[in-house]
Each structure stands twice: as C-alpha cells, then as structure tokens.
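Here is the structure we will look at, set down as structure tokens.
First listed ligand is number 1; within each ligand, the first listed atom is number 1.
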Amino acid sequence: MTESRQRVTVLGSTGSIGVNTLDVLARHPDRFTVFALSGHSRIDLLFTQCLAHQPEFVVATEPHAAAQLQSRLAAAGSQTRVLLGHEALDEVAAHPDVDMVMAAIVGAAGLSSCIAAARAGKRLLLANKEALVVGGAFFMDVVRAGNATLLPIDSEHSAIFQSLPTDRVLWPSVVDKIILTASGGPFRTRDPATLSQVTPAQACAHPNWSMGRKISVDSATMMNKALEVIEAKFLFGLDPSRIDAIIHPQSVVHSMVQFVDHSVVAQLGVPDMRGPIAYGLSWPQRIASGTTALDFSAMTGLSFETFDSPAHRARFPGLRLAWDALRSAPGTTAVLNAANEIAVAAFLDTRIRFDQIHAVNQATLEGFAVGAPGSLPDILALDEEARAYAQQLVRGFAR
Ligand code: NAD
Ligand code: MG
C-alpha cells in the first residue's frame, strides 16, 4: 500500500501555493504521502503542517526557526527530522525516496533546489516561475539531461499545457501562438498618473486570486505577466513572437492556444490554484481538486481587452520588458528577474514608490552588461551582481 503511493516534497509549504498543495494532497491519502516540507518563516504553520502530514524531513532555511522547530517537534513526540539551510532544500528535492517535487518557493532562492530535482530526474511541479526565468535554457537542458518531467503549475501555463497536443514534437509545427490571459490586477482601470501614490496594501489587494505578496505586486505592475511570457518561452520552446498576452478580467479562461488553422483551444475553470496543482500531481490522469465547478448559468460575460492601448501601455510599462529581455543576450532574463525582486522588496518596505519598480527594472536592463551564463554557479553569480546593481539604483531613488 505505502509503496504504491507517490512521495512528494513540498518546497515552500508555508506559502500560498504550498498550503493549497497540502490541501490537495490531503484529499488523496491513498495516492500521495508527504516526504518533506520547507519554510522560511511562519514557523507556527510549518510546525502544524509537520504534525498533520508527518513528513520524514522538514527544512527550515533560517537557523533560529530551525532550532525552534526542532524543540517543538521533539516535545510533541514527532518523528520528523529537522534540516537547516538552503543545501538541505537540494537534498530533499533530489532524495532517492522522492517521486515528485512541488517547487513553491518564491524567487531565485528556489533555483538551486529546482535544478537538484531536475538533475535527479524527478517529476518537478513548477510554481516557482522565477527559477525558470533565471535558469532559462540551462534549466531546460538540465531537465532534459536528467530525464525529469517538468510540469507547469502557473495557471496560464497549465492551461496551455492542457490545450496542446500530447506529443510535444508537434508543438513547433501546429502552434500559431499562445495567448496568456491576465486579470489586469487591482489597477486595471486606475488613472496611470496616480500610480505613484499606491500603497503596498493596495497593490496586494488582487481582485480574483489570493496569493503571496511578491506575486501580488507583480500582478499589479504586470511584471507577473512579463515573467510568464519568459516562462512560456522556455517551457514550450516557442519564439517570443508567438507569445501574446491579453487582459481578461474574469480570470475564467486561464489561457489559450491558437493553432495554424486558427482554431483556438482554451482551458476554463474557477480561479483556484488547486486546479492546476491537482493536474500537475495527477497528470496524465485527473483527480478531485477541491475547487468548485464553473457555473455557466451565473456567468454574466467573458470580456477581453488588448494591452496595446495608450492607457495600458502607460499603466503597465513593464510588460514589454519580457520581449526586450528575450531578444537580448542569454542571461538577460535573469537580470530582469533580479532587478524586479529587489525593486518589489524595496516597494513593500516603502523605500521606493510603486512606479519606481519599473524604473529600477528598466535601468538595470539598460545599464547592466550580461555575460552568457553556462552553469549554476555562473547564473547565481549573475543574479547576485544584478541584485547589487539594482540595489544601488534603489538607494538612489530612496525617499
Ligand atoms: P508565498 O510568499 O505565499 O510563499 C513563498 C514560500 O517560499 C513560503 O513557504 C516561504 O517560506 C518560502 N520562501 C520565501 N523566501 C524564501 C527563501 N529565501 N528561501 C527559502 N524559502 C523561501 O508565495 P506564493 O504566492 O505561494 O508563490 C510561490 C511561487 O509560486 C512564486 O514563484 C509565485 O510566482 C508562484 N505562483 C504563485 C501563484 C499563487 O496563486 N500564489 C500562482 C502562480 C504562480
Ligand atoms: Mg499565473
């Protein structure tokens, strides 16, 4: 019985995607067992998750948190072993006893553990889009060399994956373009001239999705869509000119594929990440996800709006940086991601204004020279240098 269950490591289990993943896993105790969890903060939640799911290992990336967790688990008589630090993330991602890894850490901090899972040939469920944006072609090479199975968890990419033919050899010849949908975020109708005044709380108040703070800010600037364009390029191997984005405020159509005959296949559902998570966990089968069904009788309409209007270009100047970065030297997408992580953190700390996030991203892309990274250490060094460059720009802007 136990041997037939899939053993899952959930990296970033205390985050929004992590919590949703554990919710889906708990619905299928006959199919899955939790091998390892990880968290950076929110130790109370990590402790509760350990008691509920009884993993073999739990990784705490902060020393203080690890010590606290260790004593609390010991006092509770738990068998779960506590590991400390980022190297331990790689260990539980690549461990021989693991079948699947949910990569749900936010930012480039998750790259190394994704690479470790891919090298070890795991089924890698990728929510952590920044890891692929940073790792780029190198990441995809490791997936191929490791014979890993990379499945998208981002709702748009899951939708595209569900809409494409099963035989990926066909993709380049049958796809005309893929169309990523975007809700438009909290500022879709806001006067662009007032974006300099928005607060972190306003930027994090997403109309349709409940998510972590970093991706919420990215959804407000539309950098989330820019990262997703880059993610799509690497996942599906399409030329950037075949990737498009459109606003769809209801978030019911999760994305679409237009084929060369102009037939369009879309995937629909309620905006609930447990849908794509359950698909990644069960592919090519399907399992119950816990989401509600779409109620077509209650739907008042599905609308779409182009990004290509003067108002949206002014509101969301960051979107086009995706194509700029993809057309530049390899490694430029890592630089864009590094700048954006620094800028978003500075905005959430109220050190820069909302509109200055784009200024930092653009100035870093323009001012920072990129050498082509060929290995994980190269990529991590590039990430660090680009962060330092962006940090300096932030200090220049600081109020
Ligand atoms: P979150 O902030 O809610 O959770 C992030 C997780 O990563 C937490 O467990 C946190 O402890 C851990 N973490 C943070 N910094 C870390 C570090 N330096 N080292 C190790 N662990 C660290 O974020 P989220 O909303 O769950 O998003 C996770 C990833 O999934 C992001 O890449 C995001 O873009 C992507 N994603 C999220 C959603 C969503 O609906 N939330 C949808 C699509 C994609
Ligand atoms: Mg998405």
Side-chain angles (χ1 to χ4, degrees), residues 9-23 36-46 49 58-63 65-66 69 83-90 92-93 102-114 125-135 151-161 180-185 204 206 208-219 222-232 235 245 248 251 253-255 267 269-277 280 291 337 340-341 344-345 348 380 383 387:
T9 283
V10 184
L11 301 176
S13 62
T14 54
S16 166
I17 293 287
V19 166
N20 278 307
T21 302
L22 291 178
D23 178 287
L37 299 173
S38 95
H40 194 58
S41 52
R42 301 184 74 189
I43 291 309
D44 288 346
L45 177 58
L46 195 53
Q49 290 179 339
V58 58
V59 180
T61 32
E62 287 282 302
L69 194 59
L83 304 175
L84 167 67
H86 282 86
E87 300 75 31
L89 295 174
D90 297 2
V92 295
M102 168 57 79
I105 288 173
V106 59
L111 174 62
S112 176
S113 47
C114 284
L125 309 180
L126 186 75
N128 183 197
K129 67 191 83 182
E130 297 92 347
L132 184 53
V133 169
V134 172
L151 297 176
I153 297 300
D154 219 347
S155 60
E156 295 78 359
H157 306 72
S158 174
I160 290 162
F161 184 63
L180 301 172
T181 52
S183 68
C204 288
H206 196 279
N208 303 351
W209 298 91
S210 153
M211 312 181 284
R213 279 162 75 76
K214 194 264 177 179
I215 185 176
S216 296
V217 175
D218 285 345
S219 301
M222 219 43 75
M223 274 307 293
N224 182 48
K225 214 47 55 183
L227 297 174
E228 290 181 356
V229 166
I230 297 168
E231 182 186 11
L235 275 176
H248 167 49
S251 298
V253 176
H254 293 322
S255 280
Q267 186 265 339
V270 294
D272 184 328
M273 287 306 294
R274 291 176 300 175
I277 289 167
T291 68
N337 178 73
N340 188 55
E341 285 194 32
V344 170
L348 285 171
L380 295 175
D383 172 64
R387 278 167 197 272

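- Taking distance alone, with nitrogen or oxygen atoms compared against 3.5 Å, Gly15 approaches ligand 1 more closely than that limit.
- Considering backbone and side-chain N/O of Met273, none are found under 3.5 Å from N/O of ligand 1.
- An N or O contact shorter than 3.5 Å is missing between Trp209 and ligand 1 by distance.
- Within Glu228, the N, O or S atom lying nearest to the Mg ion (ligand 2) carries the name OE2.
- Residue nearest to atom 36 (N) of ligand 1, selected from Asp272, Val19, Ile215, Thr14: Ile215 (by heavy-atom distance).
- Taking distance alone, with nitrogen or oxygen atoms compared against 3.5 Å, Gly212 approaches ligand 1 more closely than that limit.
- Salt bridge status for Glu341 with Lys214: absent, with no side-chain N to carboxylate O gap under 4.0 Å.
- Not a single N or O atom of Asp154, backbone or side chain, sits closer than 3.5 Å to an N or O atom of ligand 1.
- In the model, Ser112 has no side-chain atom that pairs as donor or acceptor with a side-chain atom of His86 under 3.5 Å.
- No other N/O/S atom of Glu156 lies as close to the Mg ion (ligand 2) as OE1 does.
- The backbone N or O of Ser158 lies less than 3.5 Å from no partner atom in the side chain of His254, so there is not a single donor-acceptor pair.
- Shortest distance from the Mg ion (ligand 2) to Asp154 is reached at OD1 (N/O/S atoms only).
- Ligand 1 has no N or O atom lying under 3.5 Å from any N or O atom of Gly39, backbone or side chain.
- Of all atoms in ligand 1, numbered sequentially from 1 with element shown, those under 4.0 Å from a heavy atom of Ala109 are 17 (C), 18 (N), 19 (N).
- For a threshold of 3.5 Å applied to N or O pairs, the pair formed by Asn224 and ligand 1 contains no separation below that value.
- Residue Ser155 has no nitrogen or oxygen atom sitting less than 3.5 Å from a nitrogen or oxygen atom of ligand 1, judged on distance alone.
- Taking any N or O of Ser38, backbone or side chain, none lies under 3.5 Å from an N or O belonging to ligand 1.
- Taking atom 26 (O) of ligand 1 as the reference point, the nearest protein heavy-atom neighbour is Ile17 N, 2.9 Å.
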